[in-house]
Amino acid sequence: MSKVPYRKPALTYQDQLNRLKGRGLIVHDDVKALHLLAQVSYYRLSGYWYPLLDDKQTHRFKPGATFETGFRLYCFDRELRKLVLAELEKIEVAIRAHMIYVLSHRFGPFWFTDTTLFTDTASHTRTISSLMAEYSRSDEEFIRAFRQKYNDPLPPSWMMLEVASFGSLSMLYKNLNTTIEKRQIASYFGLDDGTFASWLHCIVYLRNVCAHHSRLWNRVMSIQPRIPKNPRKPWLINPLVSNNRTYFALSMILFLLSTVNPNHRFLQKLSALFHNYPEVGKNAMGFEAGWDNEPLWQ
């Protein structure tokens with residue numbers, strides 16, 4: 001298919017609303033709809049109208065589809081992202097703490113700068129460049145105090161990795177030589193080191209999705225984390241589970257929380273969210289028949 005220039009004009013809020021109505025979307029409150037188009041945007045909301053379409057080519061809506069239903073899906077997704085982001089924060093902090101502790105005790109405070117500990121030298125060089133940029137940008141008091149007192153190019157890992165992005169941490173772990181310590185870190189969280197590395201990558205992706213307010217509810221993930229073969233804690237029994245849907249990501253969070261916070265209330269909070277939005281179909285998130293019988297989800 002040959003490409004053509006984009007020539008669609010910008011529409012006023014009223015024109016946007018008229019277009020939706022013309023395509024069969026029922027709008028019960030024009031004033032509220034216009035307010036939401038102004039505050040949220042047509043394009044962002046369109047991702048939640050998409051499941052309401054009867055014909056994806058002509059953008060005709062199903063009979064009875066309403067603006068309010070699409071907005072309810074948007075609200076559910078917003079609450080889901082907030083919940084996921086809160087749990088990911090706990091998981092990220094725990095992973096940082098454990099990596100710093102294990103590797104610093106074995107290889108010293110500046111283990112992350114030791115090229116002999118890493119498989120890919122070029123990748124390690126890029127990661128160190130990212131760390132140096134993060135270090136120079138940081139205005140944390142403990143970082144300022146370190147700069148004033150010491151002449152080292154970077155601070156020890158227990159300082160540096162507290163101000164580093166989780167993406168940098170993920171790359172450091174992935175690039176580590178396969179050692180007892182690398183396996184030890186993964187084993188602490190119930191996984192083998194290869195699976196753990198792929199889950200860290202997925203956590204970075206998930207965090208970005210949530211932080212940038214992107215759609216999570218019915219997302220098909222571009223990052224597909226590895227399915228554990230011999231997990232050391234209860235995991236999903238279903239061998240055919242899809243690893244690119246939201247259900248798998250939520251299952252990852254549940255699995256990791258069993259180590260990070262055994263008394264978590266993630267299940268209760270998620271259940272309450274589903275209860276508040278009964279119109280949201282779990283199948284769009286990748287939940288399959290029998291999911292509620294999985295030991296992980298009990």
Side-chain angles (χ1 to χ4, degrees), residues 48 51 72-98 166 170 185-192 195-196 198-211 213-221 223-298:
Y48 304 94
R72 288 274 295 172
L73 290 175
Y74 168 80
C75 292
F76 169 82
D77 195 40
R78 181 179 59 194
E79 295 300 317
L80 177 65
R81 289 196 307 270
K82 286 165 61 178
L83 175 58
V84 166
L85 199 56
E87 302 306 323
L88 287 181
E89 178 185 352
K90 300 168 191 173
I91 290 168
E92 288 183 19
V93 168
I95 292 172
R96 285 178 195 270
H98 199 65
F166 197 72
S170 171
I185 293 165
S187 181
Y188 176 79
F189 293 97
L191 300 167
D192 65 89
T195 300
F196 187 62
S198 80
W199 280 29
L200 294 188
H201 188 196
C202 185
I203 288 172
V204 174
Y205 171 80
L206 270 177
R207 192 182 192 283
N208 287 337
V209 167
C210 294
H213 321 298
S214 300
R215 184 167 39 83
L216 176 61
W217 154 62
N218 63 345
R219 193 180 196 88
V220 176
M221 311 287 181
I223 301 298
Q224 299 182 20
R226 187 180 298 184
I227 298 175
K229 291 184 178 179
N230 297 296
R232 296 167 180 81
K233 297 184 179 184
W235 176 243
L236 301 174
I237 295 173
N238 181 3
L240 302 178
V241 62
S242 176
N243 65 341
N244 67 343
R245 304 305 302 278
T246 305
Y247 170 66
F248 191 93
L250 297 175
S251 297
M252 284 174 45
I253 291 172
L254 267 177
F255 182 89
L256 293 170
L257 284 174
S258 68
T259 297
V260 173
N261 182 18
N263 297 319
H264 69 84
R265 300 188 69 255
F266 181 60
L267 271 177
Q268 294 91 322
K269 293 175 182 176
L270 191 60
S271 178
L273 185 58
F274 284 134
H275 177 76
N276 292 336
Y277 294 88
E279 66 272 37
V280 174
K282 297 185 183 70
N283 59 324
M285 302 172 67
F287 284 78
E288 299 180 1
W291 70 269
D292 49 348
N293 293 320
E294 289 277 5
L296 177 66
W297 283 86
Q298 295 295 314

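It should be emphasised that the depicted structure is a prediction, and the values quoted were computed from it without experimental measurement. Reckoned from all heavy atoms, side chains included, excluding hydrogens, waters and symmetry mates.
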Gap between atom [atom2] of [Y] and atom [atom1] of [X] - 0.5 Å precision:
X	Y	atom1	atom2	answer
I223	L206	CD1	CG	10.0 Å
L256	S251	CG	OG	11.0 Å
I227	W199	CD1	CH2	10.0 Å
L267	L250	CG	CG	10.0 Å
R81	L88	CZ	CG	13.0 Å

Heavy-atom pair of closest approach, residues F255 and G190: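 Closest approach of F255 to G190, heavy atoms only: CZ-O, 3.5 Å.
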Parallel, tilted or perpendicular, as decided by the 30° and 60° cut-offs, for the rings of Y247 and W297: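 Parallel, since the angle between the ring planes stays under 30°.
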Non-hydrogen side-chain atoms of [X] and [Y] separated by less than 4.5 Å:
X	Y	answer
Y48	R215	yes
R226	L191	no
W217	T246	no
M221	C202	no
F76	R78	no
L80	M285	yes

Whether over 12 other heavy atoms sit under 6.0 Å from R219 CZ: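 More than 12 within 6.0 Å, yes.
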More than 12 heavy atoms of other groups within 6.0 Å of N230 CG: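 No.
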Partners meeting ring-ring contact (aromatic ring centres under 6.0 Å, His included) with H98 (sequence neighbours left out):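 Here the qualifying residues are Y188, F189.
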List the residues meeting side chain to side chain contact (heavy atoms under 4.5 Å, CB included) with [X], not counting sequence neighbours, and say none if there are none.
X	answer
H264	L254, L257, N261, F266
F166	E92, I95, R96, L169, L200, I203, V204
Q268	R265

Could you list the donor-acceptor pairs under 3.5 angstrom formed between side-chain atoms of residues 233-243 and any protein atom two or more places apart in sequence or on another chain?
from : atom 1 : to   : atom 2 : distance (Å)
K233 : NZ     : T259 : OG1    : 2.1
N238 : OD1    : L240 : N      : 2.9
N238 : ND2    : E288 : OE1    : 3.0
S242 : OG     : N244 : OD1    : 2.5
N243 : ND2    : P225 : O      : 2.8

CA sep, side-chain torsions, deciding dist, call: R207, L85, side chain to side chain contact (heavy atoms under 4.5 Å, CB included): CA-CA 6 Å; R207 192 182 192 283; L85 199 56; 4.0 Å; yes
Q298 side chain vs D292 backbone, donor-acceptor pair below 3.5 Å: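 Present.
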Salt bridge (Lys or Arg N to Asp or Glu O under 4.0 Å) partners for E294, two or more places apart: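 E294 satisfies salt bridge (Lys or Arg N to Asp or Glu O under 4.0 Å) with no residue once adjacent residues are dropped.
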